[in-house]
**Q** 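The structure is given below, and queries will be raised subsequently.
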Amino acid sequence: MRRRCALVLSLVSLLATPAKAEEGHRTRVQGSATSTDSAQRRTLDQTRLDEAGSSDLPALLAREPGLYVPRLGGLGSYATLSIRGSTPEQVLITFDGIPLNLADGSPVDLAGLPLGPLQRVDIYRGRTPWGTGQVGLGGALALHSASTTELSGEGALSFGSHGYVGLRGYAGARPFSIALDYLNNDNTFSYTHDNGTAWNQADDFKASRQNAHSRHLHVLGRSHYQSRNLTLNAVYLGSQSTRGLTNLVARDRLEAHLETERHLAAVQGGYRLSPLWRLNARLHAAWSESLVSDPQSQLPLPRERAPQQSFTPGAVLTLEGRLFKGVLVPVFHLSTRYEGMEGAVVMDRTLSALAGELHWRLQPTLKLSTGLRGELGEGRQDLAAFLEFRHEGPWHQLGLSLHQTPRRPSLFERFGDHGLTLGNPDLRSEVLSALEVDGVVRSQWGPLFGEIELSLYARKAKDLIAFLPNAQGISRPENLANATLLGADLSLSLSVEDWLELRSTLSLLDARDASDIAARRGKRLPMRPALQSNNRLELRYPLPELSATQGALGLAIEADLLSANYLDPANLVQIPTRTIVSTHAFLRGESFEVRVSLLNVGNSQTQDLAGYPLPGRSGFVLVKVTP
Amino acid sequence: MKLSVCGWILLALPLGACSDEALAPSLNECEAHIAVLASDYSSSTLSTLTAEGEVCRQDLVHSGSRPLGLFTALSGDVSLPSHAVLPGQVALLDRYPNGVLTLLEASPGASPQQLALSPGFIGNPQDLWAHEGTLWISRLEKGPDSGSDLVPLALDASGHYALGAPLPLDAYADPGFDPMPTHLAEAFGSLWVGLSHISRDFSQTGPGRALRLSMGTNQLQVEDTLEVPGLQNCNTPISNAAKDVLVLICQGSFRSPRPQQLATSGLVYLSAPDSAPLILSASALGGPLGSAVLLDRHHVAVVVLGDLTHESPDRLLMIDLLSPELSPLELLRSQGPFELGDVLYLPEAKRLLIADAQRQNPRVRRLQLDTLQSPIELSPTVVSKTGLPPRYLSPIARD
């Protein structure tokens with residue numbers, strides 16, 4: 001089974017990059033030893049992460065099929081993730097197996113996560129694996145950091161438009177490694193301000209974005225130990241972020257800002273009990289504190305707010321067997337976690353889950369997997385289940401998945417009496433039922449290698465929770481809506497040895513509100529574009545005089561298409577279709593790399609949300625040195 | 001996928017096509033007497049009704065009537081003035097965040113006029129009152145240099161409205177609070193301004209207070225304050241057609257626990273400018289007060305708000321303020337809490353209209369009040385094709 005997973009991983013990696021590109025990079029071992037799982041995933045490997053250059057994690061993920069990443073500004077600005085029409089709250093995000101979702105259930109800010117220390121990103125667009133002790137109704141993003149097996153180091157400096165500066169550093173000597181990631185972006189780009197008067201162009205004016213700065217500092221430390229029967233990993237990530245809170249109306253002398261501090265730690269061990277059974281255990285904890293400061297009360301925020309703290313420790317025990325020479329693989333997960341919030345309101349709860357999976361290789365190329373998971377706590381239970389078939393041949397791969405996944409109402413949704421919000425203790429869990437089919441076909445004709453990956457899905461979401469405001473601006477969550485989501489994700493890759501690579505993705509989504517609310521019935525769910533496409537053509541000219549394996553000069557052009565997208569449930573307000581073209585160039589040698597990017601070449605004035613302009617034409621330079 | 005090929009082609013087209021031209025009226029087939037604003041607080045739409053409360057024009061303008069710029073054409077937080085403003089015109093107060101006044105003809109043809117009411121800060125305009133060619137706007141929130149005041153708009157040489165020097169009201173707020181003027185009403189020959197009187201971060205509510213202003217040409221002057229001991233958030237003064245009585249609605253603090261809100265909500269009745277105010281506590285009515293309208297000198301129809309926590313409905317009650325015994329008559333009730341919006345009385349037709357934002361079946365409900373004690377509910381009016389629920393009603397002045 002491990003071999004099978006490795007095969008899937010390597011095939012998907014192949015989709016992203018030619019094999020030789022991996023060579024010569026520093027040696028890194030995988031961040032966390034995940035248990036067996038059959039959930040279909042798409043992996044961004046080191047080469048794809050390096051391709052991001054000066055960019056950040058949200059920009060990288062926005063290119064992937066099935067993912068929609070709206071953001072409030074340029075690099076470093078608040079960004080959330082929607083997978084196949086999910087809400088951001090429904091997406092589980094983990095760092096080395098540590099869930100990052102806060103105790104209050106709010107979405108994870110993707111821009112507040114470091115890109116530099118990452119070795120691999122796994123994207124689960126369908127069912128999410130159960131090994132982290134939590135499930136994501138809408139999908140999951142698993143970030144894996146790198147460690148080292150030898151003395152190594154790396155440093156990178158990047159700078160660019162609108163006050164952008166980035167620093168990344170990495171140093172490792174077995175068994176320890178440390179990484180540093182710093183990003184500052186003043187986001188002082190200009191935009192056209194319409195003064196809120198859509199019918200009156202006479203009062204429009206050019207403005208510069210104010211108080212939109214983002215600063216993120218991350219420090220990662222990790223250690224790894226391995227003997228014949230025992231594997232141990234320890235990881236710590238500390239992060240500090242400062243972010244200006246923007247408001248286009250209150251733009252004069254705006255001072256409001258948000259400060260966030262976060263600490264993650266985990267210890268994970270694996271022990272081979274016998275030739276047939278292996279036990280994995282992980283203890284993890286995440287603590288974060290955020291403080292909003294608005295000294296002039298320029299935004300509708302309390303002037304003096306208590307810091308909001310979230311504490312989410314947890315433990316996961318996984319027992320995995322390999323019976324009948326690996327034909328039958330039973331896996332059991334026992335997990336517990338505590339969720340605590342302190343601030344204006346104090347809330348906490350403890351949840352425990354027991355899950356069992358069975359992976360049965362029916363034939364050498366055909367596998368059946370099934371599982372059942374129950375989560376207990378707060379006097380209620382939630383059940384998740386799946387049934388999956390996977391057929392893998394040398395040049396193709398087919399999968400069928402049926403699953404049901406719940407999302408328990410968050411602490412904030414149930415008990416968040418906060419003046420502006422009222423919790424609803426009677427909320428039911430959201431439940432997603434899904435049918436997903438995926439397939440990969442690859443072929444090689446001499447120097448030409450091609451691969452097509454297609455996924456089709458039908459999802460039905462029941463009892464979706466939404467906050468409904470009243471005339472006084474007070475919101476209360478309700479199990480408001482049902483929704484049906486039909487979609488397809490297509491990914492195409494074509495390469496000619498190391499000379500040329502063409503990658504193209506296409507995501508189609510028809511997400512409809514199936515609730516009985518007159519203004520929503522049958523309408524498209526807002527913030528779910530019907531069509532997304534990313535297309536990238538990269539040309540490389542090998543320069544063996546710089547490095548026999550890596551030396552190259554490369555040029556790339558990238559076009560991102562996003563179809564029109566409604567912003568409101570009544571489908572009155574649309575963000576128009578947009579196409580953003582960007583170009584990149586790089587020069588790579590044995591121990592250095594220089595990347596230059598020109599983003600939004602056409603200087604399109606766009607936005608993902610009304611009132612939050614995105615930057616126009618921007619340039620960035622990255623210089624990386626690997627001693 | 002459900003989308004047809006045509007559907008995808010349409011999606012690929014520039015989607016600015018959803019403009020006001022698409023909603024351009026074909027015929028001026030009816031006379032608009034009432035403006036109705038429907039909103040789910042994400043987007044808004046404006047419709048008009050006839051003098052009988054029947055549909056005149058649906059969705060005259062809405063949040064998507066113009067291609068999206070930095071802001072939407074109308075935000076999700078739009079209200080209508082308490083009073084008719086300019087003959088044949090509808091005024092829209094786009095409160096937060098846009099802070100914009102939109103004036104448009106209720107009949108077809110003209111393009112809306114728009115003016116930013118608080119450039120550079122969140123003014124959060126609440127109400128509009130016209131006097132001798134000047135439009136006075138109450139701005140709830142305060143900016144670095146102005147705000148929480150009354151600001152005049154006067155026509156400039158080019159025939160467009162322009163902001164004048166505001167009338168600051170800071171002197172009428174207690175320390176730690178902003179005055180937060182909200183609704184305006186004319187009674188006893190004066191302009192009355194209800195103050196929300198809340199701290200700038202909205203966490204605390206000060207004592208109930210309203211201001212009485214003298215009305216001069218292009219200027220207002222505060223004459224007196226009306227203190228309402230025990231009540232808070234006295235933000236809505238209303239008067240009758242003859243403008244010879246005044247009722248002040250105090251809503252209490254919506255951020256307080258309900259019992260506390262209930263204890264500080266109520267109405268104040270002034271039958272003469274110098275008469276002792278009659279105070280009726282909301283506790284006696286079972287819920288904090290919402291919209292209200294005077295049916296004559298002493299009968300008021302008032303919305304008593306339901307409870308979100310217990311999901312109890314709103315009720316529209318009629319109260320005789322001169323009756324020695326409090327015996328309100330329930331005129332109607334909503335399905336859930338916070339669904340009943342503005343109330344509007346049409347004295348000539350003896351008809352009472354109320355916006356009912358029931359999610360599944362939003363409509364304007366109509367009551368015939370030939371005799372006050374025997375209301376008859378008429379068929380309701382569906383005001384928008386969008387399904388957005390009606391919230392605000394405002395009369396349209398006729399020539």
Side-chain angles (χ1 to χ4, degrees), chain A residues 191-200 203-204 247-253 294 296-304 419-420 422 469-474 476 486-488 508 510 512 516-521 526 530-531 563-564 567-570 572-577 607 610-611 613, chain B residues 1-3 8 11-12 14-16 18 40-43 45 62-73 76 94 96-100 102 111-116 118-122 143-144 199-203 254-255 290 308-309 337-338 341 359-362 386-389 391:
Chain A
Y191 62 96
T192 302
H193 197 301
D194 65 9
N195 223 0
T197 55
W199 278 279
N200 180 7
D203 64 354
D204 293 0
N247 183 303
L248 288 172
V249 181
R251 58 184 184 274
D252 292 346
R253 289 165 268 167
D294 182 16
Q296 304 300 320
S297 287
Q298 292 167 305
L299 300 178
L301 303 167
R303 195 174 312 180
E304 299 295 333
L420 279 177
L422 276 180
N470 66 16
Q472 310 304 325
I474 297 168
R476 185 167 188 261
L486 302 172
L508 304 175
D510 185 29
R512 299 276 172 183
D516 62 352
I517 297 171
R520 301 182 176 209
R521 196 180 303 135
L531 185 150
S563 73
L567 290 183
D568 60 325
L572 295 177
V573 181
Q574 272 189 330
I575 286 189
T577 299
Q607 53 193 336
Chain B
M1 298 294 295
K2 284 182 177 175
L3 277 182
W8 288 116
L11 275 172
L15 287 155
C18 189
D40 62 356
Y41 306 113
S42 290
S43 45
T45 184
H62 58 70
S63 293
S65 288
R66 296 289 296 169
L68 181 65
L70 198 57
F71 295 90
T72 54
D94 205 329
Y96 182 89
N98 293 25
V100 165
T102 302
S111 181
Q113 272 191 59
Q114 285 194 307
L115 181 70
S118 49
F121 71 98
I122 299 172
S199 62
R200 199 169 297 180
D201 63 1
F202 291 91
S203 61
F254 283 94
R255 300 202 183 183
L308 279 172
T309 307
F338 288 90
R359 291 173 204 157
Q360 293 80 7
N361 187 20
T386 64
L388 289 172
R391 307 279 180 184

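In what follows, chains are A, B, ... by sequence order, proteins preceding strands, each numbered from 1.
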**Q** If you tally heavy-atom pairs under 4.5 Å against chain B, which of Pro526(A), Pro569(A), Ala519(A) wins?
**A**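 That would be Ala519(A).
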**Q** Looking at Gln114(B), is its backbone amide N or carbonyl O close enough to the side chain of Asn200(A) to form a donor-acceptor pair, meaning the two atoms are under 3.5 Å apart?
**A** yes
**Q** Can you confirm whether His62(B) sits close enough to Leu388(B) that some side-chain heavy atom of one is under 4.5 Å from a side-chain heavy atom of the other?
**A**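 No - every pair of side-chain heavy atoms lies 4.5 Å or more apart.
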**Q** Determine yes or no for a side-chain-to-main-chain donor-acceptor pair under 3.5 angstrom, with Asp194(A) supplying the side chain and Phe71(B) the backbone.
**A**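 Side chain of Asp194(A) to backbone of Phe71(B): a pair is present.
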**Q** Where the side chain of Asp568(A) meets the backbone of Val573(A), is there a donor-acceptor pair that is under 3.5 Å apart?
**A** yes
**Q** If you count heavy-atom pairs within less than 4.5 Å of chain A, which of Asp40(B), Leu308(B), Thr72(B), Asn361(B) leads?
**A** Leu308(B)
**Q** Could you have a look at Val100(B), Thr45(B), Asp94(B) and say which one has the most heavy-atom pairs with chain A under 4.5 angstrom?
**A**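 Among the listed options, the one with the most contacts to chain A is Val100(B).
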